[in-house]
Amino acid sequence: MRRLTPYLLALPSWMWLAIFLVVPMVAMASVSLQTGNAIDGFAMTFSFSNYSDALGRYSTQLVRSLFYGGMATVAMLVIGYPVAYWIAFKGGRRKSMYLFLILLPFFVSFVLRTISWNFLLADNGILFGTLKGWGLLPDDFHVLATTVAVVGGLTYNFLPFMILPIYVSLERVDPRVVEAAQDLYATRVGAFRRVVLPLSLPGVFAGVLMTFVPATADPINAAILGGTANTMIGNIIQTEYLTNLNYPTASALSFTLMAVLLVGIFIYARALGTENVLEAAAR
């Protein structure tokens, strides 16, 4: 019985994953190989051409999504790492309050937060309308329906998912280790590069994974802050599923996106050195 205890304890999570992950994935894989329409129904024909057709039609949106997701992830890393570093080493007794302030926007709906940026970045809104009225910006200046607006929205909405994992890794760094490096004549930059940064790589690794994947597949920011030239693959999948009722194409696009992301994650893990990251996380 003792031998079965670990498996029995893990059984609920396995069942959860099987019901809400494996079964939907198998169903979606089946639909991606079918042909037909919503009126006459769909039939399994093992039509692998659905993948090539979908990729041929929407390759631009797929590449754009990867580009936007990559830019937003880099921006989140550049912004989030210093914030996490400051809270971990300079936050003092107020660390919990600073973390709460970072999470505070999550008490508001994701869609409402994005719509608020739509009002803020409007051509004649509170910010730009005022600056145009003062003559500080030209009348034709605009940010909405541009790459900057979409990437900015992605960065804002997913930034906490970058900050928190990095903070957890930095919080585990013993300050005495940094002091020892400085006692051995290492400069502050050298101590950071040789001690702090390697020990924080597990957080960086987790933060990139937690932000790049949802940012690439997100349909909300492109729909609210972007225009027709900023459509992302998530918007296409949503339209094919809910508007066009073209389930095979939508399923094929979903699997294609997952495959591309998995390949990208694998390359990223190998480049960063997964074994080194796991070893650092275990210390």
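Positions are given from 1, in the same order as the sequence printed here.
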Assign the ring pair [X] / [Y] to parallel, tilted or perpendicular, where the plane angle (0 to 90°) is split at 30° and 60°.
X    : Y    : answer
F106 : F161 : perpendicular
F192 : Y85  : perpendicular
F158 : F110 : tilted

Rounded distance [0.5 Å steps], [atom1] in [X] versus [atom2] in [Y]:
X    : Y    : atom1 : atom2 : value
N246 : I236 : CG    : CD1   : 11.5 Å
L262 : L257 : CG    : CG    : 9.5 Å
L159 : I102 : CG    : CD1   : 7.5 Å
Y98  : K90  : OH    : NZ    : 12.5 Å

Under the side-chain contact (heavy atoms from CB on, under 4.5 Å) criterion, do M162 and T73 qualify, and how do the steps go? CA-CA 8 Å; M162 179 67 75; T73 302; 4.1 Å; yes

Return yes if a side-chain donor-acceptor contact under 3.5 Å exists between N230 and Y68, otherwise no.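 Distance-only check passes for N230 and Y68.
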
[X] versus [Y]: any side-chain heavy-atom pair under 4.5 Å?
X    : Y    : answer
I265 : V213 : yes
R176 : D174 : yes
N50  : S32  : no
L199 : R172 : no
M232 : V150 : yes

Just do the side-chain contact (heavy atoms from CB on, under 4.5 Å) check on Y81 and L170 with the steps written out, would you? CA-CA 10 Å; Y81 197 102; L170 291 172; 3.8 Å; yes

Evaluate the side-chain contact (heavy atoms from CB on, under 4.5 Å) criterion for residues D123 and F128: first the C-alpha distance (whole Å), next the side-chain angles of each, then the deciding distance (0.1 Å), finally the verdict. CA-CA 6 Å; D123 294 348; F128 296 138; 5.7 Å; no

Indicate the atoms forming the closest heavy-atom contact of [X] with [Y], along with that distance.
X    : Y    : result
A252 : A54  : CB-CB, 4.4 Å
M28  : S254 : SD-CB, 3.8 Å
N221 : T114 : OD1-CG2, 3.7 Å
L9   : P12  : O-CD, 3.4 Å
V178 : V196 : CG2-CG2, 3.7 Å

Among N118, I115, V148, which one satisfies side chain to side chain contact (heavy atoms under 4.5 Å, CB included) with L225?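 With L225 as partner, side chain to side chain contact (heavy atoms under 4.5 Å, CB included) holds for just one option, N118.
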
Lys NZ or Arg CZ of R64 over Y58 ring: under 6.0 Å, within 45°: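 Judged by the rule (NZ or CZ under 6.0 Å from the ring centre, within 45° of its axis), R64 is not positioned above Y58.
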
Assess whether side chain to side chain donor-acceptor pair (under 3.5 Å) is satisfied between T249 and D53, documenting all intermediate values. CA-CA 8 Å; T249 298; D53 293 342; over 6 Å; no

Side chain to side chain donor-acceptor pair (under 3.5 Å) between T35 and S47: does it pass, once the steps are laid out? CA-CA 7 Å; T35 55; S47 179; 5.9 Å; no

Do T243 side-chain atoms and E240 backbone N/O form a donor-acceptor pair below 3.5 Å?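 The answer is no, because no donor-acceptor pair under 3.5 Å joins these two groups.
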
Steps toward side-chain contact (heavy atoms from CB on, under 4.5 Å) verdict (N235, Q61): CA-CA 9 Å; N235 304 107; Q61 288 80 3; over 6 Å; no

Listed by chain and number, what are the ring-ring contact (aromatic ring centres under 6.0 Å, His included) partners of F119, not counting sequence neighbours?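 Once residues adjacent in sequence are excluded, F119 has no partner under the ring-ring contact (aromatic ring centres under 6.0 Å, His included) criterion.
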
Would a single hydrophobic cluster contain both V204 and V74, if residues Ile, Leu, Val, Met, Phe, Trp and Tyr are joined by side-chain heavy-atom contacts under 4.5 Å?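 No, because V74 and V204 fall into different hydrophobic clusters, even though each may have its own neighbours under 4.5 Å.
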
